[in-house]
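First the proteins, then the strands, lettered A, B, ... as listed; each starts at 1. Basis for what follows: all heavy atoms, side chains included, without hydrogens, waters or symmetry-related copies.
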Amino acid sequence: MSQRKTFYVTTPIYYVNDQPHIGHVYTTTLADVLARHHRIRGEDTFFLTGTDEHATKVVDAAAERGLSTQDWADKNAKAFRETFARLGISNDDFIRTTEDRHKSRVLGYVKCLIDSGDVYKGDYEGWYDAGQEEYVPELKAKEQDFKGVISGKPLIKKSEKNYFFKLSAYSAELIDLIERDVFKVAPEARKNEILNRLKTARDIPLSRTGVADWGIRVPGDEEHSIYVWIDALFNYLTAVDTKERRHYWSADVQFVGKDILWFHAAIWPGLLLALKKQTDYGWIELPKVLYAHSFWIREGRKMSKSLGNFVDLEEIDAYVVDFSLDGLRWFLVTQGPLGTNDGDFARERFAEVYNADLANTLGNCVNRVATMTHQIFGGVLPGSGPDIEGSSELRDAVAAGVTKAAAAVDEIAIDAAAAAGLEIVRAVDGFIAKTEPFRAAKQGREAELPTILYHCSEALRVASLILWPVLPGKIEAFWEAAGYNYASRIAAGGGEIKSWAQWGGAREGQKIGQIKLFQRFKVPKAEGGGKQKQNQKGQQPKKKKAPKVKAPPPGPKDELSYEEFCALDIRIARVEAAEAVAKADKLLQLTLRLGDGETRTVLSGIREWYSPEEMVGQQVVYLANLAPRKIRGIMSQGMVLAANDVGNAAVLLQPIKELPDGAKVS
RNA sequence: GGCGGCAUAGCUCAGUCGGUUAGAGCGAUGGCUUCAUAAGCCAUAGGUCACUGGUUCAAGUCCAGUUGCCGCUACCA
């Protein structure tokens, strides 16, 4: 048996605490469509998805519900698995990071990296400022003359006990590989982004301490757990690191959302480069393409947890009821945020696209051709007669569509591939309008009918092959009605689109079944004032970014003694002056009056939400005895207190009535 | 603040190495047609190609600046 070309595609593994929503479905659908494109080509295709389960929060979430961590993870992993199954996703495997096959291999990789020296323990030599109890980055330390900002005492070189991965040792090589597209990061804008960031790449922590009995321990050092991100990234490798599957490596295409670009475009390939150097892992190459799509917004607004406006499973199901599963897939693929811009999941738009592309164009065309075949030839396909006007042009259009679609698939432009398929259908509609088979008899052109109807059916057959990856359910129904056995041949690994898409595959004498693939969706007439257009240009709602995940912030203590509380000097203060800080987007410099003519200068990161003008004269709640700190060259004496609104906007706190400046809060 | 990207018809977007009247799909309007799912076909839409300046025989397409938006990054203790 000759070696079939392989194709390995992955989605991220999904955080098991999440409820599946449109974002998960989107990424997974993209991978599914691409996998099917390659299956119909006859390639040995492997499509992987799964769940990421070792986060500490999984332990918490389970505890909150009185479940064991494993039970909670099982339950949610099952939700993902079942959702994808129900949505017709054709993944070949579903990996969970809590599975032994994953854990055992990750141990092996990490051990190997430790042995090689690419993972080292804790000699993170940082400049520690004892006064501030924090590490100061090298550059900053130099700026400060290696002295504490406040104390003026010399910084101490101190080391943290942790495992680190030597990403910095691989950044130059990564930059080179990405620049030359050996490891291709797409779209282009993401590539630039990552190249820029790699320039300043530092070593990254690979482990954490103090985690409950959950996760994977660092081999040989039970006090440390492998950082969950590292653990998770390895899934792409563990799933195929077996004798039977190793030939799938490396991944041909990895789909991710733009939010996790850094992990997949820098850390992940960095780990692989390090592993590859080791004798046992010489076969490891980098993935070929990392594709970072953008996000769905909804009716012009960003989807977020705090807004609670995710398109969730319930709604996805409702869309499937109204528009069919393939209708959903079509919308996701053709209207989705494959590029750098976010896409809008808007119901009105959904219905428009569904009706225009699927009901009016594809469904209607298939139906009209079948009906004419029935009326004229009793439902049996005639053989083609001599060429007539327009027939060779139609064949050209079909061939062009096939070529275009194939090229699009190679570039992962699955939206363009779908469009190429639909273009063929449009060409059929145009051909029918031109040749008017329904009038031919009256005009004495009966002789043209076999050619006309054969061309229509044949063109639709070829279009169906291109459209199958996006619309597998409906296209298979079409195949069944027309007696094509492509579905079973693809399922058996015998896809052959190249030969199938050649002109002439439809056979004289085959039955053309009548079928209505996509019912037109009637927009419920709910009038009463014009409908408001969301998402007008230039009126995009201002979006606030989700907070970045940084070094884990020290959470609140479980308990605080009264004495500790009393140690806080909280006061009411009046903003006497406010101005934006130069070279900082978020900072406002406030001059606070505490009464008795005493004033303090405080910097606060609230500029996004408060202008200097509106701040002046306001009373605020002020923590006065916080250790002063130099920010942007200005000494900030304490902090102004604010609470987080939905979407993480800061909202300043104020006394419910005017108070004397400097009033004590207790 | 630094780096990068984008700004083209009502909407979503194409526009390759700069070169005749700037394109597609959707929507809208008008006409044709009836095989078909109130579907189809054709025509039309007068878009300062963000703004200003520059290079060139010639710029949406290159350069500089301006404005707006987006992303990464710094700053928010």
Side-chain angles (χ1 to χ4, degrees), chain A residues 132-134 137 139-140 187-200 258-259 261-262 292 294 334-335 339-344 346 348-349 352-353 355-376 415-416 419 422-423 425-426 428-440 452-453 456 514-522 533-540 542-543 545 547-548 553-554 580-588 602-609 623 626-629 631-634 636 638-640 642 650:
Chain A
Q132 301 289 305
E133 292 186 30
E134 67 172 11
L139 264 178
K140 220 175 216 173
E188 193 79 11
R190 302 295 167 211
K191 174 178 169 179
N192 295 337
E193 220 172 273
I194 215 69
L195 283 173
N196 192 43
R197 198 168 161 192
L198 271 171
K199 288 180 202 157
T200 54
K258 62 181 178 183
D259 54 332
L261 179 68
W262 172 250
S294 300
T334 65
Q335 307 296 309
T340 319
N341 293 327
D342 290 345
D344 194 2
E348 199 180 321
R349 174 94 180 147
E352 261 176 29
V353 169
N355 278 341
D357 292 348
L358 298 181
N360 297 354
T361 303
L362 179 58
N364 181 58
C365 187
V366 166
N367 183 235
R368 69 195 297 213
V369 168
T371 301
M372 283 190 284
T373 308
H374 275 260
Q375 290 175 354
I376 301 169
D415 53 343
L422 203 66
E423 252 176 67
V425 180
R426 288 208 181 87
V428 173
D429 274 333
F431 181 68
I432 292 171
K434 189 176 216 169
T435 56
E436 301 187 311
F438 42 86
R439 294 173 101 188
I452 296 173
L453 285 173
C456 290
Q514 281 178 283
I515 186 167
K516 286 201 173 189
L517 292 178
F518 297 94
Q519 289 298 336
R520 193 176 157 77
F521 180 77
K522 296 194 181 54
K533 283 271 180 200
Q534 301 272 0
N535 198 20
Q536 287 280 351
K537 225 177 201 176
Q539 293 193 28
Q540 294 259 356
K542 261 231 159 99
K543 44 188 319 197
K545 308 180 196 175
K548 293 280 155 42
V581 175
K583 299 186 181 186
D585 293 345
K586 296 188 182 177
L587 291 178
L588 232 44
V602 172
L603 296 195
S604 180
I606 54 171
R607 190 160 142 205
E608 274 183 89
W609 306 285
L623 177 57
L626 186 69
R629 188 184 154 128
I631 302 166
R632 289 274 148 199
I634 301 165
S636 179
M639 71 186 275
V640 166

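Side-chain N or O atoms of A/Asn355 include one that pairs as donor or acceptor with a backbone N or O of A/Phe521 at under 3.5 Å.
Atom name P, nucleotides B/rA39 and B/rG27: the rounded distance is 9 Å, in whole Å. Comparing B/rU16 with B/rA59, their C1' atoms sit 15 Å apart, to the nearest whole Å. As rounded to the nearest Å, B/rG10 and B/rU55 have C1' atoms that lie 36 Å from one another. Nucleotides B/rC76 and B/rG60 are separated by 46 Å at their P atoms, to the nearest Å. B/rA7 and B/rC17 have their P atoms separated by 15 Å, with the value rounded to a whole Å. Distance noted for atom P between B/rA64 and B/rG18: 16 Å (whole Å). Taking the P atoms as reference points, B/rU44 lies 26 Å from B/rC51, given to the whole Å. Taking atom P in both B/rG68 and B/rA77, one finds a spacing of 26 Å when rounded to whole Å.
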Worked verdict on A/Arg368 versus A/Asp429 for side-chain contact (heavy atoms from CB on, under 4.5 Å)
CA-CA 9 Å; A/Arg368 69 195 297 213; A/Asp429 274 333; 2.6 Å; yes
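Checking each of A/Val428, A/Leu517, A/Leu422 against A/Cys365 for a side chain to side chain contact (heavy atoms under 4.5 Å, CB included) leaves exactly one that passes, namely A/Val428.
Residue A/Leu587 places its side chain closer to B/rC75 than to any other of B/rC13, B/rC75, B/rA39. Of the candidates B/rG71, B/rC35, B/rU34, B/rG71 carries the atom nearest the A/Glu193 side chain, counting heavy atoms from C-beta on. Listed nucleotides B/rA77, B/rA36, B/rU34 differ in distance to A/Leu626; the shortest reach to its side chain belongs to B/rA77. Counting only heavy atoms from C-beta on, A/Glu352 has its side chain closest to B/rC26 among B/rC26, B/rA36, B/rC13. Of all nucleotides listed (B/rA77, B/rA36, B/rC13), B/rA36 comes nearest to the side chain of A/Asn367.
Nearest heavy-atom pair, A/Ala292 versus A/Lys258, reported as atom, atom and distance to 0.1 Å: CB-CA, 4.2 Å. Contact between A/Phe518 and A/Leu362 at its shortest, heavy atoms only, is CE1-CD2, 3.8 Å. When all heavy atoms are compared, the tightest approach of A/Met639 to A/Val602 is CA-CG1, 3.9 Å. The shortest non-hydrogen separation linking A/Arg190 to A/Ser294 is NH2-OG, 3.5 Å.
Counting heavy atoms from C-beta outward, A/Asp344 and A/Arg349 have side chains that stay 4.5 Å or more apart. At least one side-chain heavy atom of A/Pro437 sits less than 4.5 Å from a side-chain heavy atom of A/Ile432.
Atom CG in A/Asp259 sits about 9 Å away from atom P in B/rC72, given to the nearest Å. The separation between A/Ile606 atom CD1 and B/rC75 atom P is 18 Å, rounded to whole Å. In this structure, the CG atom of A/Leu588 is 18 Å from the P atom of B/rC75, given to the nearest Å. Distance CG (A/Asp357) to P (B/rC11): 19 Å, rounded to an integer number of Å. For A/Met372 and B/rA39, the CE to C1' distance is 12 Å, given to the nearest whole Å. Between the NZ atom of A/Lys199 and the P atom of B/rG2 there is a distance of 16 Å, rounded to whole Å. Straight-line distance from the CD1 atom of A/Ile634 to the P atom of B/rG1: 14 Å, rounded to whole Å. A straight line from CG of A/Asn196 to C1' of B/rU73 spans 8 Å, rounded to a whole angstrom.
Note on A/Ala359: a base of the nucleic acid sits closer than 4.0 angstrom, heavy atoms only. Within the nucleic acid shown, A/Asp429 comes within 4.0 Å of sugar-phosphate atoms alone, with no base atom in reach, counting heavy atoms only. Residue contacts shown for A/Arg190 are limited to sugar-phosphate atoms, with no base heavy atom under 4.0 Å away. The residue A/Leu623 sits apart from the nucleic acid: no heavy atom pair falls under 4.0 Å. Within the nucleic acid shown, A/Gln519 comes within 4.0 Å of at least one base atom, counting heavy atoms only.
Judged by closest nucleotide on RNA chain B, A/Gly363 is the one of A/Lys434 and A/Gly363 placed further toward the 5' end. Along RNA chain B, the nucleotide closest to A/Thr340 and the one closest to A/Leu517 are compared, and the more 5′ of them pairs with A/Leu517.
One finds the CD1 atom of A/Ile606 at 5.0 Å from the CG atom of A/Leu588 (value rounded to the nearest 0.5 Å).
Between B/rU73 and A/Arg197, a contact under 4.0 Å exists linking OP1 or OP2 to a side-chain N or O. Between A/Arg349 and the phosphate of B/rU12, there is no side-chain N or O to OP1/OP2 separation shorter than 4.0 Å.
A/Asn360 contributes no side-chain N or O that forms a donor-acceptor pair with the base of B/rA39 under 3.5 Å.
Stem regions annotated for RNA chain B: B:1-7 with B:67-73, B:10-13 with B:23-26, B:28-32 with B:40-44, B:50-54 with B:62-66, counting only runs of 3 or more consecutive pairs of Watson-Crick or G-U type with both contacts under 3.5 Å.
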